Amino acid sequence: MKTTTVNKEAIKQVIIKMRDDKVAVRSFLQGKTSTETLTLKGIKLVKTI
């Protein structure tokens, strides 16, 4: 049997970052922040075709 270990602290940090990214994108869509702010946080935006 294969057992896996879970680093709960790492998972907690990933969830916190996802939540912060979600808030940042929502504020961008509402016009409160700029694209530079998002790129500084590591969020990349793509242009639609």
Side-chain angles (χ1 to χ4, degrees):
M1 289 181 73
K2 183 179 178 182
T3 60
T4 58
T5 59
V6 178
N7 187 348
K8 292 182 181 182
E9 192 61 35
I11 292 173
K12 198 184 294 187
Q13 293 300 321
V14 169
I15 291 172
I16 290 169
K17 183 177 178 345
M18 286 174 28
R19 183 189 64 208
D20 292 343
D21 290 349
K22 181 179 175 181
V23 170
V25 170
R26 281 189 178 177
S27 65
F28 170 74
L29 292 174
Q30 293 171 353
K32 296 179 183 175
T33 60
S34 64
T35 56
E36 290 83 18
T37 306
L38 293 180
T39 53
L40 288 175
K41 288 184 171 247
I43 300 171
K44 297 179 182 177
L45 298 176
V46 296
K47 294 183 180 179
T48 57
I49 298 177

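Nothing fancy with the numbering, it's 1 onward along the sequence. All heavy atoms count here, side chains included; hydrogens, waters and symmetry mates do not. From a predicted model like this one, the values you see are computed outputs, not experimental measurements.
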Pairs of donor and acceptor atoms involving the side chains of residues 14-21, under 3.5 Å and at least two apart or interchain, shall be tabulated with distances.
{"from": "Lys17", "atom 1": "NZ", "to": "Asp21", "atom 2": "OD2", "distance (Å)": "3.0"}

For [X], give me all partners under side-chain hydrogen bond (donor to acceptor under 3.5 Å, both in side chains), at least two apart in sequence or on another chain.
{"X": "Thr35", "answer": "none"}
{"X": "Lys44", "answer": "none"}
{"X": "Thr39", "answer": "none"}

Legend entry - Results of side chain to side chain contact (heavy atoms under 4.5 Å, CB included) for Glu9 - residues two or more places apart only: Asn7, Lys12, Gln13
Legend entry - Leu45: hydrophobic cluster co-members (side-chain, 4.5 Å):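 Joined to Leu45, directly or through intermediates: Val25, Phe28, Leu29, Leu38, Ile43.
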